[in-house]
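Comments concern the structure below.
In what follows, every heavy atom counts, from backbone to side chain, and hydrogens, waters and symmetry copies are set aside. First listed ligand is number 1; within each ligand, the first listed atom is number 1.
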Amino acid sequence: MEIIKKIGDLNNVKRSKPLALIPTMGNLHQGHLSLLKKAKTLNLATLVTIFVNPLQFGPKEDLETYPRSLDQDMEKLIEEDCDYLFLPKKKELFEGIKYLKAPLSDQLCGQNRPGHFDGVVTIVHRFLELIKPEFCLFGQKDFQQQLVIKNHLENENLPTKLILGPTVRDKNGLALSSRNNYLTNKEQEEAAQIFKCLKIISETIAINKSNGGEDFLIKNLDACKKLKNQLQKKGFDVDYLEIVNANTLKKITVSDSEILIAIAANFKGVRLIDNIYLELPFS
Ligand code: PAJ
């Protein structure tokens, strides 16, 4: 694996194979590595970035304490046969950076994290313009993030294609996340309830869909409200638990077929997000 620290050295990246960019903030786990593995199986050259992006953290968020574990990350990347690791310096990366507005940033996570997706799109755009990869890989766990980037690529007519990787979970169902490190093992077991709620809702949708009509919507929204209350009682501070159109992230209507059940909740001071994507047959 070649480690690149200076922007100018990105010119050394060999372009004999199409290149896949995998942006990360480090503290790598199997979720991140699954994206690398996916790029490898597609026979792409791989470039992982590790950069804890200050632009996407709010003033009261965990920028200072965000877990950093560069030595272990490098070992994992070497083991997975990553081709390039880009470790930019903040100063050089931010020289002449264009601050961008993210599409779809009024919905879901955007509502309680103002500026978060602007920060994400600004840094990802910077990587895209410096690296010019043929592909970039993002995880479904951060569904809104990948949709923001997908829309940005389309709006700006950028040639990079986005590849989505499935959410990697712990045995108990909890989506892997660097922030899970803030929780004890017992708390992680309890946190897995958010995925259980998503599964219950997806099963309810499957049952109610066969009934069709407005009734279908009301029943599903009732299920969300009930589960949200149950989670609140168990110590989760639920930011949202919603069923939305998976392309617009707006509340579902009866005619939507691609839908997303999405949740964000704070548990023991840790922000957890998760989602289930469903494609419904037209009734
Ligand atoms: P980070 O949280 O490090 O995640 C990097 C990539 O790994 C994202 O595409 C994310 O969706 C994916 N990922 C994280 N957990 C996953 C899991 N359990 N299963 C599958 N994929 C998972 O997302 C960011 O960093 C930043 O916002 C970034 C895009 C790097 C911009 O700063």
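- Exactly one residue among Val13, Leu10, Ile7 makes a side chain to side chain contact (heavy atoms under 4.5 Å, CB included) with Ile131. That residue is Leu10.
- Of the protein's non-hydrogen atoms, the one nearest atom 4 (O) of ligand 1 is His32 NE2, 3.5 Å.
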Q: Step by step, work out the salt bridge (Lys or Arg N to Asp or Glu O under 4.0 Å) result for Lys37 and Glu80.
A: CA-CA 7 Å; Lys37 286 179 189 155; Glu80 294 299 339; 3.8 Å; yes
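- Near Thr24, meaning under 4.0 Å from one of its heavy atoms, ligand 1 places the atoms 3 (O), 5 (C), 30 (C).
- Residue contacts with ligand 1 include His29, since one of its heavy atoms falls under 4.0 Å from the ligand.
- Of the protein's heavy atoms, Asp142 OD2, 2.6 Å lies nearest to atom 11 (O) of ligand 1.
- In this structure, of Gly165, Pro54, Pro166, Ser178, the residue bringing a heavy atom nearest to atom 20 (C) of ligand 1 is Pro166.
- Of all protein heavy atoms, the one lying nearest to atom 23 (O) of ligand 1 is Gln145 NE2, 2.8 Å.
- Distance from atom 2 (O) of ligand 1 to its nearest protein heavy atom, with residue and atom name: Tyr66 OH, 4.0 Å.
- Distance check, rounded to the nearest 0.5 Å: CZ of Phe143 to OG1 of Thr167 gives 10.0 Å.
- Taking a 6.0 Å sphere around NZ of Lys196, one finds it holds more than 12 heavy atoms contributed by other residues, nucleotides or ligands.
- With sequence neighbours excluded, the residues forming a salt bridge (Lys or Arg N to Asp or Glu O under 4.0 Å) with Glu134 are Arg15, listed by chain and number.
- Considering backbone and side-chain N/O atoms, Met25 comes within less than 3.5 Å of an N/O atom of ligand 1.
- Counting heavy atoms of neighbouring residues, nucleotides and ligands inside a 6.0 Å radius, atom NZ of Lys6 does not exceed 12 of them.
- The N/O atoms of Ser34, backbone and side chain alike, include none that comes under 3.5 Å of an N/O atom in ligand 1.
- Residue Leu176 has at least one N or O atom closer than 3.5 Å to an N or O atom of ligand 1.
- Contact annotation: for Asn53 versus ligand 1, heavy atoms closer than 4.0 Å belong to the side chain alone.
- Residue, atom and distance of the protein heavy atom nearest to atom 19 (N) of ligand 1 are Val168 N, 2.8 Å.
- Looking at Thr122, Asp118, Val121 one by one, the single match for side chain to side chain contact (heavy atoms under 4.5 Å, CB included) with Tyr99 turns out to be Thr122.
- Considering backbone and side-chain atoms alike, Gly139 places an N or O below 3.5 Å from some N or O of ligand 1.
- Among protein heavy atoms, the minimum distance from atom 31 (C) of ligand 1 is reached at Gln56 OE1, 3.3 Å.
- Closest protein heavy atom to atom 6 (C) of ligand 1: Pro23 O, 3.7 Å.
- When non-hydrogen atoms are compared, ligand 1 lies under 4.0 Å from neither the backbone nor the side chain of Asn27.
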Q: Take Tyr277 and Gln140, measure what side chain to side chain donor-acceptor pair (under 3.5 Å) needs, and give me the verdict at the end.
A: CA-CA 9 Å; Tyr277 170 87; Gln140 190 193 318; over 6 Å; no
